S.K.: 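Please find one structure pasted underneath; my questions will follow.
Worth saying up front: this structure is predicted, and the values here are computed from it rather than measured.
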Amino acid sequence: MKKKDQPHVLILGSGIAGLFSALKFAPHAKVTLVCKADRAEGSTRYAQGGIASVWSEKDSFEDHVKDTLNAGAGLCDPEIVDLCVREGPERVRELIEWGVEFTKSENHPDSAFDLHREGGHGQRRILHADDLTGWAIEKALLAKIEKNENIEIFEDHIAIDLITEGKTFKKWRKPGRCLGAYVLNIQTGKIISLSSDITVLATGGAGKVYLYTSNPDTATGDGIAMAYRAQAQVANLEFMQFHPTCLYHPSSRTFLITEALRGEGAVLKTLRGEEIISLAPRDVVARAIDLEMKKSGDKFVHLDCTHLEKENLQKKFPNIFEFCLKTGIDISKQPIPVVPAAHYMCGGVLTNENAQTNIENLYAVGEVACTGLHGANRLASNSLLEAVVFAHRAATHAIPTLLTSRGVEPALERLPEW
């Protein structure tokens, strides 16, 4: 197939969901990837913990499913949970093949990789790259994308609205079909229309509506708002997950302290030294901290890892150790002041098992989507898993339709200007 005859896929967002989608579509379509800031900026690069997947012989799909359902407080879709958990290991293998360097195992003979355990997990199943997993994934996927001639990246462009059939061409037969998006070039101030056969929302969450959040400045809910204006169905928007341990410090309101630190033995304590529940699911721990803060009037609590070996802390959590040190906290000698912070949006644009929305030719993957995996609360490190599983499923579902439709001249090229 000649390049000019190739179908066109527009992907909004350059986190793990957008990058993985781009690589899945690229062998069969021309892909335009739109980034609000530079191509590496977004929530993925700041993900510390890792990606949850059944990787050890001691673990099982059934146990991972059970832990996910328990964390979701009975509001997960069991079928979605099962397919995501079972398809996870194959997607993780792809990440490894594409250059993601997860930390190798030294103390776990049943796995080639070092596996962390986080709150809500009954087993060690978190593959990680020290405490910079998100950056390791982002870096590897971007490196692969930069070698792919079929993927064009628009940096410093903000998608401001979806283009749908019903809005622009009222005489067409299928109202609501997505035709692309209007995008603002931040550098020039000009708005352009980008047409596509398939549009993929991978725009992330909305954590920046809160004072304390682990999210970067780009997490402002644009994708959900655009989809809603285009009459896409949304669900579970009330379920904003709070991470229990965000660093409380005047110079940083967004630095996350990974749950894996508690998995290695760090203990949550009040300022009076009383222990707080540590390894329950995130919503339980965050509420427990919030209750203690309200009872005492304190503005934060302590995460104490002073009883752990300094060498081990530096080795397993180098980024956290160095960042805290720069703020004047030696975590091997001093407890870390932490506070719950908005972390992950469990709801979003409603999708089915193939990441389809109710709008034809519009898919949603990653945090912007409500797949049914998370329910009322996300199990730690299931987000990166969800992103790759449903990015794969979106491409697998859309590609056959794209290829069989090439014989018809697409009306998508006749888009109006803004």
Side-chain angles (χ1 to χ4, degrees), residues 43 45-49 71 118-120 131-132 134 204-221 238-308 313 317 319-346 367 376-381 383:
S43 293
R45 70 177 295 172
Y46 301 104
Q48 295 176 350
E118 297 180 345
D131 56 350
L132 286 170
K208 290 304 289 186
V209 302
Y210 292 87
L211 176 62
Y212 284 101
T213 177
S214 63
N215 294 180
D217 290 342
T218 53
T220 51
E238 70 273 29
F239 295 139
M240 173 62 78
Q241 181 190 67
F242 278 69
H243 195 287
T245 52
C246 186
L247 178 65
Y248 181 85
H249 194 274
S251 67
S252 175
R253 286 181 174 172
T254 61
F255 189 74
L256 191 69
I257 306 296
T258 176
E259 284 190 77
L261 196 56
R262 285 181 284 129
E264 292 298 316
V267 180
L268 281 167
K269 296 180 180 180
T270 67
L271 301 193
R272 299 178 301 282
E274 300 163 344
E275 289 193 15
I276 306 171
I277 186 171
S278 281
L279 270 180
R282 287 176 175 171
D283 62 328
V284 176
V285 180
R287 284 199 297 268
I289 294 173
D290 183 63
L291 179 61
E292 290 295 337
M293 289 167 58
K294 285 175 177 173
K295 284 164 54 179
S296 66
D298 296 329
K299 294 183 178 180
F300 58 90
V301 298
H302 280 149
L303 181 62
D304 188 2
C305 49
T306 57
H307 57 288
L308 303 178
L313 288 172
F317 308 101
N319 183 51
I320 291 174
F321 195 97
E322 289 301 319
F323 189 91
C324 288
L325 205 57
K326 289 177 182 178
T327 64
I329 304 166
D330 183 341
I331 67 173
S332 67
K333 298 177 180 178
Q334 302 160 265
I336 308 169
V338 294
V339 65
H343 184 55
Y344 193 88
M345 198 163 195
C346 295
E367 191 175 355
N377 178 55
R378 175 175 67 90
L379 182 66
S381 291
S383 53

S.K.: As a quick check of understanding, evaluate side-chain contact (heavy atoms from CB on, under 4.5 Å) for Asp330 and Leu325, giving each step before the final call.
M.R.: CA-CA 5 Å; Asp330 183 341; Leu325 205 57; 4.0 Å; yes

S.K.: Of Tyr344, Tyr210, Tyr212, which meets ring pair (Phe, Tyr, Trp, His ring centres under 6.0 Å) against Phe242?
M.R.: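 Answer after filtering Tyr344, Tyr210, Tyr212: Tyr210.
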
S.K.: Please name the pair of heavy atoms, one in Arg282 and one in Asn377, separated by the smallest distance, quoted to 0.1 Å.
M.R.: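 Closest pair (atom of Arg282, atom of Asn377, distance): N-ND2, 4.1 Å.
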
S.K.: For Thr327, does its backbone N or O pair with a side-chain atom of His249 as donor and acceptor, under 3.5 Å?
M.R.: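 A pair under 3.5 Å: yes.
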
S.K.: Any side-chain heavy atom of Asn215 sitting closer than 4.5 Å to one from Tyr46?
M.R.: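 Of all side-chain heavy-atom pairs linking Tyr46 with Asn215, none is under 4.5 Å.
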
S.K.: Taking the side chain as every heavy atom from C-beta outward, state whether Val339 and Ile289 have any atom pair closer than 4.5 Å.
M.R.: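 No - every pair of side-chain heavy atoms lies 4.5 Å or more apart.
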
S.K.: If you look at every heavy atom in Met345 and Ala206, which pair is closest and at what distance?
M.R.: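 Heavy atoms only, the tightest pair is SD-CB, 4.0 Å.
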
S.K.: Tell me the closest heavy-atom pair linking Phe317 and Ala260, and the distance in Å.
M.R.: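 Looks like CZ-O, 3.7 Å.
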
S.K.: So, taking the atom named CD1 in Ile336 and the one named SG in Cys246, what distance separates them when rounded to the nearest 0.5 Å?
M.R.: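 Here the rounded value is 11.5 Å.
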
S.K.: How long is the gap from CG on Leu303 to CD1 on Ile257, to the nearest 0.5 Å?
M.R.: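 Going from the CG atom of Leu303 to the CD1 atom of Ile257 covers 7.5 Å.
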
S.K.: Angle class for the Phe323/Phe255 ring planes (parallel below 30°, perpendicular above 60°, tilted otherwise)?
M.R.: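 Taking Phe255 first and then Phe323, their aromatic rings lie parallel (interplane angle under 30°).
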
S.K.: Assess whether side-chain contact (heavy atoms from CB on, under 4.5 Å) is satisfied between Glu292 and Leu268, documenting all intermediate values.
M.R.: CA-CA 11 Å; Glu292 290 295 337; Leu268 281 167; over 6 Å; no

S.K.: For a side-chain contact (heavy atoms from CB on, under 4.5 Å) check, start with the C-alpha distance between Arg262 and Thr245, then their side-chain angles and the critical distance, and finish with the verdict.
M.R.: CA-CA 10 Å; Arg262 285 181 284 129; Thr245 52; 4.2 Å; yes

S.K.: If every non-hydrogen atom of Glu118 is compared with every non-hydrogen atom of Thr258, which pair is closest and at what distance?
M.R.: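 For Glu118 versus Thr258, the nearest heavy atoms are OE2-OG1, 3.8 Å.
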
S.K.: Using the side-chain contact (heavy atoms from CB on, under 4.5 Å) definition, which of the options Leu308, Thr306, Val301 pairs with Asp304?
M.R.: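 For Asp304, the side-chain contact (heavy atoms from CB on, under 4.5 Å) test succeeds with only one of Leu308, Thr306, Val301, which is Thr306.
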
S.K.: Among Ser383, Ser214, Ser43, which residue satisfies the side chain to side chain donor-acceptor pair (under 3.5 Å) criterion with His343?
M.R.: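 It is Ser214, the one option of Ser383, Ser214, Ser43 that forms the side chain to side chain donor-acceptor pair (under 3.5 Å) with His343.
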
S.K.: Examine distances only and state if a side-chain atom of Gln241 and a backbone atom of Arg378 form a donor-acceptor pair shorter than 3.5 Å.
M.R.: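 Pair found, side chain donor or acceptor close to backbone of Arg378.
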
S.K.: Within this structure, what is the CD-OG1 distance for the pair Glu275 and Thr270, rounded to the nearest 0.5 Å?
M.R.: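 Output value for this atom pair is 9.5 Å.
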
S.K.: Rounded to the nearest 0.5 Å, how far apart are CG of Asp283 and CG of Asp290?
M.R.: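 With rounding to 0.5 Å, CG (Asp283) is 12.5 Å from CG (Asp290).
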
S.K.: On a heavy-atom basis, which atom in Ala380 and which in Glu259 lie closest, and how many Å separate them?
M.R.: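 Ala380 and Glu259 have their closest heavy atoms at CB-OE2, 3.4 Å.
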
S.K.: Measuring only between side-chain heavy atoms, which start at C-beta, is Ile329 closer than 4.5 Å to Pro337?
M.R.: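 Answer yes - side chains close enough.
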
S.K.: Would you give the length of the straight line joining atom CD1 of Ile276 to atom NZ of Lys269, rounded to the nearest 0.5 angstrom?
M.R.: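 Spacing of CD1 (Ile276) from NZ (Lys269) equals 10.5 Å.
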
S.K.: Set out, in order, the CA-CA distance, both residues' side-chain angles and the distance that settles side-chain contact (heavy atoms from CB on, under 4.5 Å) for Arg272 and Asp298, then state yes or no.
M.R.: CA-CA 10 Å; Arg272 299 178 301 282; Asp298 296 329; 4.0 Å; yes

S.K.: Within this structure, what is the SG-CG distance for the pair Cys305 and Leu261, rounded to the nearest 0.5 Å?
M.R.: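 Reported value, rounded in 0.5 Å steps: 4.5 Å.
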
S.K.: Can you name the nearest heavy-atom pair linking Pro244 to Val285, along with the distance?
M.R.: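 Reported closest heavy-atom pair: CB-CG1, 3.6 Å.
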
